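Accompanying notes for the structure given below.
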Amino acid sequence: MTEHEPSTARPAVGVIGLGNMGLPIALNMVRAGFGVIGADVSSERLGRLEQAGGRRAETTAELAGRADVIVLLLPDSKVVTSVVTAPAFVASLRPGTVIVDMSSSEPMRTRELGEALREHGVSMVDAPVSGGVKAAVAARLTIMAGGDADDLAVVRPVLDALGTVTHTGALGSGHALKAINNLLSATHLWATSEAMVLGEQFGLDPAVMLTVLNGSSGRSGSTENKWPNFILPGTFDSGFALRLMLKDVRTAVALADEIGVPGRMAQLTESLWAEASDGLAADADHTEIARWVTADAASTGPDPR
Ligand code: NAD
């Protein structure tokens, strides 16, 4: 067998993007026994992978030449496209390689990218995730995988080491579902934050409110996770940036527009989050939206009636 023939052993996995999600995901692959090679523009992130038993690639082209499966955890479709269509990267790809975009990307752009890659004998699967940094660390991610069943079967052992995988349909379907999920998540986080301000202004204890809401029909991921773990303690450190949440909401709104589905609430969510994003720090955590809603309510003030 030559160096370039696919081996029957565990595939060599390349991970591009070792940020808040990519690093814990890569570390879980190492723990599961995969040979992991990472690439990132940050040398500090590469150092952390090396310390945990992974290897560093100096360039994404080097990584492409050494990996059977290439996993992307990059900020958005723009960065994904620039990495995956870079001539040196494409020239180094080996036929039979499967690229798995675990970023929260735009479904229509993912489809286009998949078609372009197929011309090079390379397959694509989209496998975005939900659960945040905590679930990434604990290997308990919800993974929404789109693509051909045969391609998914190749990468399934890698994804199974990271959480629970659901095949959502054709390429791009995982990215569509992820955008839809985050549209809901952003909408109920804003709504929950307004509701908490209302209760507090009435004189209710926020902790009591959350206990009751979580046993009632008003509960959501915002009341069960975001508010008790990151907002009420005042840490605002979920590890998911507000700019990334806004990107996901915009992806969902654009999708509704492209398909021709009305999205009145979605547009409202987009404009509210965009306003907050303009007013908060560029690196603000998405849970800081609660601070924004609270400050907004204080500046408007209660109705003097
Ligand atoms: P992050 O900003 O922490 O990480 C992105 C990483 O990509 C950084 O380490 C950055 O240096 C690297 N990078 C950027 N451009 C690069 C390039 N051209 N080449 C190589 N590396 C490059 O983001 P994150 O929070 O890890 O999110 C990654 C993706 O996962 C995003 O699409 C996000 O929407 C999605 N996501 C995040 C969370 C979360 O809780 N953080 C949850 C679900 C999904």
Side-chain angles (χ1 to χ4, degrees), residues 14-28 37-49 54 56-64 67 70-86 88-89 99-107 109-110 113 126-145 159 162-163 174-186 189 221-222 225-226 229-230 236-252 273 277 282-289:
V15 181
I16 306 180
L18 299 167
N20 288 336
M21 295 298 278
L23 186 63
I25 282 173
L27 298 189
N28 279 330
I37 178 165
D40 197 295
V41 289
S42 155
S43 182
E44 185 265 332
R45 306 303 287 187
L46 287 166
R48 288 176 62 180
L49 176 64
R56 87 162 58 203
E58 295 308 330
T59 62
T60 53
E62 181 197 333
L63 182 146
I70 300 176
V71 169
L72 311 175
L73 276 145
L74 293 164
D76 54 30
S77 273
K78 196 170 163 206
V79 179
V80 166
T81 303
S82 76
V83 166
V84 169
T85 62
F89 177 83
I99 296 182
V100 187
D101 186 9
M102 299 190 78
S103 329
S104 306
S105 304
E106 297 164 40
R109 286 182 82 169
T110 301
L113 214 46
D126 54 321
V129 300
S130 184
V133 174
K134 253 205 252 178
V137 171
R140 287 206 183 137
L141 289 163
T142 294
I143 303 171
M144 316 158 208
L159 298 180
L162 308 174
H175 284 151
L177 186 47
K178 173 64 188 174
I180 290 166
N181 178 76
N182 277 21
L183 170 63
L184 278 172
S185 178
L189 186 52
S222 296
N225 176 28
K226 310 287 173 73
N229 292 326
F230 308 111
F236 302 99
D237 60 352
S238 78
F240 180 42
L242 193 138
R243 73 188 147 75
L244 293 179
M245 178 64 107
L246 176 58
K247 173 241 340 179
D248 294 340
V249 171
R250 286 184 164 143
T251 299
W273 278 76
S277 178
D283 62 349
D285 193 85
H286 81 290
T287 53
E288 291 194 42
I289 202 76

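Counting convention: from 1, in listed order, for ligands and their atoms alike. Keep in mind that this is a model prediction, so the values were computed, not measured.
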Of all the atoms in ligand 1, which lie at a distance below 4.0 Å from a heavy atom belonging to [X]?
X: Val129; answer: 43 (C), 44 (C)
X: Gly17; answer: 7 (O)
X: Lys247; answer: 31 (C), 32 (O), 33 (C), 34 (O)
X: Lys178; answer: 43 (C)

Is the shortest N/O to N/O distance between [X] and ligand 1 below 3.5 Å?
X: Ser103; answer: no
X: Gly239; answer: yes
X: Ser130; answer: no
X: Ala39; answer: no
X: Ser238; answer: no

How close does the nearest protein non-hydrogen atom get to [atom], and which residue and atom is it?
atom: atom 5 (C) of ligand 1; result: Leu73 O, 3.9 Å
atom: atom 2 (O) of ligand 1; result: Arg243 NH2, 3.9 Å
atom: atom 38 (C) of ligand 1; result: Met21 CG, 3.4 Å
atom: atom 22 (C) of ligand 1; result: Leu74 CD2, 3.5 Å
atom: atom 11 (O) of ligand 1; result: Asp40 OD1, 2.6 Å
atom: atom 17 (C) of ligand 1; result: Val41 CG1, 3.8 Å
atom: atom 40 (O) of ligand 1; result: Phe240 CB, 3.3 Å
atom: atom 4 (O) of ligand 1; result: Gly19 CA, 3.3 Å

Heavy-atom distances under 4.0 Å decide this one: backbone, side chain, both or neither, for [X] against ligand 1?
X: Leu244; result: side chain
X: Val83; result: side chain
X: Val79; result: side chain

Okay, side chain of [X], backbone of [Y]: is any donor-acceptor separation there less than 3.5 Å?
X: Ser238; Y: Phe240; answer: yes
X: Glu288; Y: Ala284; answer: no
X: Arg45; Y: Leu18; answer: yes
X: His175; Y: Met102; answer: no
X: Asp126; Y: Gly174; answer: yes
X: Ser185; Y: Asn181; answer: no
X: Asn28; Y: Ala136; answer: yes
X: Lys247; Y: Ser104; answer: yes
X: Ser277; Y: Trp273; answer: no

Point to revise | Separation of Thr142 OG1 from Leu177 CG (nearest 0.5 Å) | key: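 Separation between the atoms: 10.0 Å.
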
Practice item. Could you tell me whether the side chain of Asp285 reaches within less than 4.5 Å of the side chain of Leu242, counting heavy atoms only? Key: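 Of all side-chain heavy-atom pairs linking Asp285 with Leu242, none is under 4.5 Å.
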
Point to revise | Sub-4.5 Å side-chain heavy-atom contact between Ile99 and Val71 | key: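 Contact flag for Ile99/Val71 side chains = no.
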
